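If you're wondering where the values come from, they're calculated on a predicted model, not measured in any experiment.
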Amino acid sequence: MQGPAMSDQGAVANRRMLVSGNWKMNHDHLSAIRTVQALGLMASDDDLRKVEVSIHPPFTSLRSVQTVIESDDMPFKLGAQNCHFEDAGAFTGEVSAAMLAKLHVEYVIVGHSERRVLSGETDEVVRAKLDAVLRHRMRPIVCVGETFDERERGSTADRVEAQVTAAIAGLEEEATARLVFAYEPIWAIGTGLTPSVPEARQACDLIRSVVAGLSGDGASRSIRIQYGGSVNPDNTREMLTATGFDGVLVGGASLDAGSFAAIISAAARAG
Ligand code: 13P
């Protein structure tokens, strides 16, 4: 990464935007291949020079997507949605960070709210996964965000601060600098709702200041922070220009190559 330069929003001006498509439990390996090929045709070279793009298919499609990306020399990064924190062992049904690294995965989502809520992942488990991803030289995308009730109670900042703190406390500055955070308010996921620009900016600034306090200013300037939750081609540009975010983590709208390409294009115009 190039040396950071401060912008007037306190973000780093020359950090490249990261647009990530989290496919969740969608697309079998055949439709995954078709979608990546279509995205390769639809996304413009100019946009892809400006914006880094990672694609996070289900585990069963990782090998197929990796092969398409590498054989066609596509400028997409391979991403995973989860991993186990141990490298190997008697963990039925799990996939380790070591296995993902072998497949040339570069980004791994950790602590997505659907895993925290549906699979009972605690902050401690999220931290162990983050450590495993870093150990294998990949980059974690650490998801944080409050529930609807927490927002109503006015405890958004407390929740986000606690999650960021649990993720990085005691981590070396150099390691923290490699992280991507995704601010995903749980009430905004799949609902069509998004936070207001001031709310989003506040969350983004909070994450950066918690990181500065725990890991130093250098790490705080180097991390990238994505926004996630009901991102679409129409709201991407505003979310990126007005708030200080360095990219978006996209669920539903990344499943279709056309709408994902439009989001990439909107991010390129915002960058
Ligand atoms: P949606 O974009 O479908 O709201 O999902 C957001 C998300 O959870 C991405 O990780």
query: Tell me the salt bridge (charged side-chain N to carboxylate O under 4.0 Å, His left out) pairs involving residues 154-176, sequence neighbours left out?
result: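 Of all non-adjacent pairs touching residues 154-176, those that pass salt bridge (charged side-chain N to carboxylate O under 4.0 Å, His left out) are Glu150-Arg159.
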Salt bridge (charged side-chain N to carboxylate O under 4.0 Å, His left out) partners of residues 25-47, not counting sequence neighbours, each pair once: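 Found Asp46-Arg49, Asp46-Lys50.
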field: With Ser254 via side-chain contact (heavy atoms from CB on, under 4.5 Å) - residues at least two apart
entry: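 Trp23, Val250, Phe260.
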- prompt: Taking only residues two or more places apart in sequence or in another chain, which ones pass side-chain contact (heavy atoms from CB on, under 4.5 Å) with Thr156?
  reply: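 Testing Thr156 for side-chain contact (heavy atoms from CB on, under 4.5 Å), a comparison that skips the adjacent residues, returns Glu146, Arg151, Val160, Tyr183.
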Just by distance, do the side chain of [X] and the backbone of [Y] share a donor-acceptor pair under 3.5 Å?
{"X": "Asp72", "Y": "Met74", "answer": "no"}
{"X": "His56", "Y": "Ala80", "answer": "yes"}
{"X": "Thr67", "Y": "Arg63", "answer": "yes"}
{"X": "Asn235", "Y": "Ser230", "answer": "yes"}
{"X": "Arg201", "Y": "Gly244", "answer": "no"}
{"X": "Arg139", "Y": "Arg178", "answer": "yes"}
{"X": "Arg135", "Y": "Phe85", "answer": "yes"}
{"X": "Thr241", "Y": "Ala270", "answer": "no"}
{"X": "Thr243", "Y": "Val197", "answer": "no"}
{"X": "His27", "Y": "Leu255", "answer": "yes"}

Tell me whether [X] shares a hydrophobic cluster with [Y], the cluster being built from Ile, Leu, Val, Met, Phe, Trp, Tyr side chains joined at under 4.5 Å.
{"X": "Val231", "Y": "Met17", "result": "yes"}
{"X": "Val110", "Y": "Val164", "result": "yes"}
{"X": "Val133", "Y": "Leu171", "result": "yes"}
{"X": "Leu206", "Y": "Trp187", "result": "no"}
{"X": "Ile55", "Y": "Val180", "result": "no"}

So for atom [atom1], which belongs to [X], do other residues, nucleotides or ligands contribute more than 12 heavy atoms lying within a distance under 6.0 Å?
{"X": "Glu152", "atom1": "CD", "result": "yes"}
{"X": "Phe148", "atom1": "CZ", "result": "no"}
{"X": "Gln202", "atom1": "CD", "result": "no"}

Closest approach of [X] to [Y] (non-hydrogen atoms, all atoms of both residues):
{"X": "Thr236", "Y": "Ala267", "value": "CG2-N, 4.0 Å"}
{"X": "Ala257", "Y": "Ala38", "value": "CB-CB, 3.6 Å"}
{"X": "His29", "Y": "Ser64", "value": "CB-OG, 3.5 Å"}
{"X": "Val142", "Y": "Ala167", "value": "CG1-CB, 4.0 Å"}
{"X": "Ser96", "Y": "Cys83", "value": "C-CB, 4.3 Å"}
{"X": "Leu48", "Y": "Pro75", "value": "CD1-CG, 3.6 Å"}

Any heavy-atom pair between the side chains of [Y] and [X] that's under 4.5 Å?
{"X": "Leu179", "Y": "Leu130", "answer": "yes"}
{"X": "Leu18", "Y": "Asp246", "answer": "no"}
{"X": "Leu39", "Y": "Ile264", "answer": "yes"}
{"X": "Val126", "Y": "Glu121", "answer": "yes"}
{"X": "Val210", "Y": "Thr165", "answer": "yes"}
{"X": "Cys204", "Y": "Phe181", "answer": "no"}
{"X": "Leu249", "Y": "Ile109", "answer": "yes"}

task: Check Glu52, Lys77, Gln226 against Ser20 for a side-chain hydrogen bond (donor to acceptor under 3.5 Å, both in side chains) and give me the one that passes.
output: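 Exactly one option meets the side-chain hydrogen bond (donor to acceptor under 3.5 Å, both in side chains) with Ser20, and it is Gln226.
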query: Between Tyr227 and Leu240, is a side-chain contact (heavy atoms from CB on, under 4.5 Å) present by the stated rule, with each step listed?
result: CA-CA 8 Å; Tyr227 169 75; Leu240 291 178; 5.9 Å; no
query: Quick one: side-chain hydrogen bond (donor to acceptor under 3.5 Å, both in side chains) partners of Thr122, sequence neighbours excluded?
result: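 Thr122 satisfies side-chain hydrogen bond (donor to acceptor under 3.5 Å, both in side chains) with Glu124 once adjacent residues are dropped.
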message: Set out, in order, the CA-CA distance, both residues' side-chain angles and the distance that settles side-chain contact (heavy atoms from CB on, under 4.5 Å) for His112 and Asn82, then state yes or no.
response: CA-CA 8 Å; His112 192 282; Asn82 180 36; over 6 Å; no
- request: Take Glu114 and Ile189 through the test side-chain contact (heavy atoms from CB on, under 4.5 Å) and record every step on the way to the result.
  value: CA-CA 10 Å; Glu114 285 152 15; Ile189 295 177; 3.6 Å; yes
task: Find the distance between CD1 (Ile69) and CD (Gln37) and round it off to the nearest 0.5 Å.
output: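 Output value for this atom pair is 11.0 Å.
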query: To the nearest 0.5 Å, what is the distance between CD1 (Ile225) and CD1 (Ile141)?
result: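 Going from CD1 on Ile225 over to CD1 on Ile141, the span is 13.0 Å.
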task: State plainly whether the residues Glu184 and Arg116 are in salt-bridge range, i.e. N to O under 4.0 Å.
output: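 A salt bridge is absent here (no side-chain N lies under 4.0 Å from a carboxylate O).
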message: Before you tell me yes or no, could you show the steps for Asp87 and His136 under side-chain contact (heavy atoms from CB on, under 4.5 Å), namely the whole-Å CA-CA distance, both residues' side-chain angles and the distance that decides it to 0.1 Å?
response: CA-CA 10 Å; Asp87 286 352; His136 291 282; 2.9 Å; yes
query: Taking only residues two or more places apart in sequence or in another chain, which ones pass salt bridge (charged side-chain N to carboxylate O under 4.0 Å, His left out) with Arg127?
result: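 Counting only residues at least two positions away or on another chain, Arg127 forms a salt bridge (charged side-chain N to carboxylate O under 4.0 Å, His left out) with Asp131.
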